[in-house]
Amino acid sequence: MDNLVRIALLPGDGVGPEVMAEVLPCLDWLQSRGRRLEIYHLPFGADNFLETGETLPEEAFEELRDGFDAILFGAVGDPRIPDGRHAEEILLRLRQGLELTVNYRPCRPLASGSRPALDIEVFRENTEGPYCLQGSTEPGRAVDLAIHTEPAVRRLLQAAFQRAGSRGCPLTLAHKANVLKHGHGLWMRTFEELREQNPGVAAHGMHADALLCALVQDPTPFGVIAADNYLGDLISDLCAGFVGGMGVAPSISWAPHRPYRCAVLAEPVHGSAPDLAGKGLANPVGMLLSTALLFRHLGSEGEAAALEGAVSIALAEGAKSRDLGGTLSTAAMGRAIRDHLPR
Ligand code: GGG
């Protein structure tokens, strides 16, 4: 029998609660197949902040860190909080505080059929770079600091080398070491060291601007792409555009060194899309595929593959939400997918 897994659900803002609602029956389904889960719904987000003045209180963070195994996250971002303070104090706090260094963003065609020609997996460092939130705005001058540390860079690159090795595909490091000599110099040195230790992996570095051009011209030769937080964010969004857009892009973040009990967080790549919220216009596919990634991370490989398969079959049969040119609501799209889950 599997061990009990405690999962915290944080739907967040905007379309987050709507796409998270489509996950709940999938968690029930996983339990119906013998996986023991304890699910907790947590309210942190813009509404809670505006009501209580709290973003993610320290006790709540510690409870998530030490009392849960995994987090399923929706999205944060709300126009009523224009400085995005709550988003930083919730999502970036979780990524950084739990040391979720590796953010994995797969991009492959979704409809079922022959082997995908495009099969890119972006490994994005998730806790550092310019997203460390250190900087200042002064009259006529603004500073955003980018911090890169050797342990985080090494952890991210080790995960990318491991994955490229097991897939037998090329590994590309995106960098701008010609300009960002210090930070990306560290990335290059660590990459070279790991390249020597992994002679079986066809690994090379590429200037990020040239990489973006090559991706737009032909993404099919690429396999695993590793990048810092900022470049990884941009590259993975571009790649999402090759396979249906932001609404279908999943992600999962984990701490390979497992410093705390809670070492994994799955969330769609998309943000809160406030203009779509409350209208049934959001596509739940990114959230559902992120849930499948979590199932796989927790060792439920069969159920992960079945959920991914259900998405593929539903899309191949013509199920389409508005972003994909169809008319299905968020809930109808979720139902069309779940109809293909094995009982
Ligand atoms: N699930 C990713 C997420 O919520 N990211 C935060 C974000 O991008 N917020 C800004 C926005 O929603 O536009």
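Counting starts at 1 for both ligands and their atoms, in listed order. Any value given below was found using the heavy atoms of this structure, including those in side chains, with hydrogens, waters and symmetry copies removed.
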Do Cys169 and Val224 have side chains that get closer than 4.5 Å, going by heavy atoms? yes

Could you tell me whether the side chain of Glu128 reaches within less than 4.5 Å of the side chain of Arg95, counting heavy atoms only? no

Close N/O pairs between ligand 1 and protein, under 3.5 Å:
residue  : atom   : partner : partner atom : Å
ligand 1 : 1 (N)  : Gly74   : O            : 3.1
ligand 1 : 1 (N)  : Glu267  : OE1          : 2.9
ligand 1 : 1 (N)  : Pro268  : O            : 2.8
ligand 1 : 1 (N)  : His270  : O            : 2.9
ligand 1 : 4 (O)  : Val76   : N            : 3.0
ligand 1 : 9 (N)  : Val76   : O            : 2.8
ligand 1 : 12 (O) : Val76   : O            : 3.3
ligand 1 : 12 (O) : Ser272  : N            : 2.8
ligand 1 : 12 (O) : Ser272  : OG           : 3.3

Cation over ring face, Arg105 and Phe123, 6.0 Å, 45°: no

Determine whether a donor-acceptor pair (N or O, by modelled atom type, separation under 3.5 Å) exists between the side chain of Ser300 and the backbone of Glu303. no

Classify the side-chain pair Glu150/Thr190 by whether it contains a donor and acceptor separated by less than 3.5 Å. no

Applying ring-ring contact (aromatic ring centres under 6.0 Å, His included) as the test, list every pair that has at least one member in residues 211-238; sequence neighbours left out. none

